[in-house]
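If you're wondering where the values come from, they're calculated on a predicted model, not measured in any experiment.
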Amino acid sequence: MIARIEGKLVRLDTDSALVQVGAVGYEVMLASYCVSALSDKVGSDIMLCTMEYYEGTPGGGSFVPRMVGFLSADEKDFFTKFISVKGI
């Protein structure tokens with residue numbers, strides 16, 4: 001699992017970023033507040049705490065890997081606790 005990513009912020013979209021790490025570019029999903037906080041960082045080196053998961057339905061075909069980025073470890077910890085609540 002990729003727990004942290006450091007690299008150059010190449011592109012920023014409304015809900016994701018492209019982070020270049022060496023020869024590999026990673027698409028990282030972001031909340032809107034993260035996009036706003038990073039809006040002036042395109043072209044700069046950044047660091048994001050990350051969490052990976054697979055999106056799809058069991059028995060319904062293939063799963064798609066996703067990476068979610070956070071500005072700090074505390075934000076990631078909060079999100080992890082938040083999604084552990086049943087029904088969320």
Side-chain angles (χ1 to χ4, degrees):
M1 174 181 280
I2 299 171
R4 189 176 83 171
I5 188 168
E6 287 186 55
K8 185 179 194 175
L9 180 58
V10 175
R11 187 181 74 232
L12 196 59
D13 295 323
T14 57
D15 61 354
S16 66
L18 179 63
V19 181
Q20 188 78 30
V21 181
V24 179
Y26 292 91
E27 181 179 21
V28 182
M29 296 171 53
L30 298 171
S32 59
Y33 74 91
C34 292
V35 172
S36 295
L38 296 172
S39 64
D40 62 342
K41 305 280 190 228
V42 175
S44 301
D45 287 336
I46 63 165
M47 188 279 295
L48 296 170
C49 295
T50 60
M51 168 181 155
E52 292 180 285
Y53 72 95
Y54 292 92
E55 185 175 30
T57 55
S62 59
F63 288 93
V64 178
R66 302 282 187 207
M67 186 182 305
V68 182
F70 304 91
L71 299 176
S72 71
D74 288 339
E75 290 176 6
K76 178 183 171 182
D77 292 343
F78 172 79
F79 183 76
T80 302
K81 288 178 185 170
F82 181 74
I83 62 173
S84 71
V85 176
K86 277 193 170 205
I88 300 234

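The distance from atom CG of Leu9 to atom CG of Leu38, rounded to the nearest 0.5 Å, is 6.0 Å. Separating the NZ atom in Lys76 from the CZ atom in Arg4 is a distance of 11.0 Å, to the nearest 0.5 Å. Atom NZ of Lys41 sits about 9.5 Å away from atom CD1 of Ile46, to the nearest 0.5 Å. The distance from the CG atom of Leu48 to the CD atom of Glu6 is 9.5 Å, given to the nearest 0.5 Å. Atom OH of residue Tyr53 and atom CD of residue Glu55 lie 4.5 Å apart, to the nearest 0.5 angstrom. One finds the CE atom of Met51 at 6.0 Å from the CZ atom of Phe70 (value rounded to the nearest 0.5 Å).
When every heavy atom of Val28 is checked against every heavy atom of Gly69, the shortest pair comes out as CG1-N, 3.3 Å. Glu75 and Cys34 make their closest contact through OE1-SG, 4.4 Å (heavy atoms, listed as atom of the first residue, atom of the second, distance). Listed here is the closest heavy atom pair of Ala73 and Cys49: N-SG, 3.4 Å. Here the closest heavy-atom approach between residue Leu30 and residue Val35 is recorded as CB-CG2, 4.0 Å. Heavy atoms only, all atoms of each residue included: Met67 and Ile2 are closest at CE-CD1, 3.6 Å. Val21 and Gly7 make their closest contact through CG2-CA, 4.3 Å (heavy atoms, listed as atom of the first residue, atom of the second, distance).
One hydrophobic cluster, built from ILVMFWY side chains closer than 4.5 Å, holds both Met29 and Phe78. When hydrophobic clusters are built by joining Ile, Leu, Val, Met, Phe, Trp and Tyr residues whose side-chain heavy atoms come closer than 4.5 Å, directly or via intermediates, Leu71 is grouped together with Ile5. Note on Val68: it does not cluster hydrophobically with Met1, by side-chain heavy-atom contacts below 4.5 Å among ILVMFWY residues.
In this structure a side-chain-to-backbone donor-acceptor pair under 3.5 Å is missing from Ser16 to Leu12. Proximity of a side-chain donor or acceptor of Glu52 to a complementary backbone N or O of Tyr54 within less than 3.5 Å is not detected.
The local environment of OH in Tyr33 is crowded, with over 12 non-hydrogen atoms from other residues, nucleotides or ligands closer than 6.0 Å.
Taking 4.0 Å as the cut-off between side-chain N and carboxylate O, Arg11 and Asp13 count as a salt-bridged pair.
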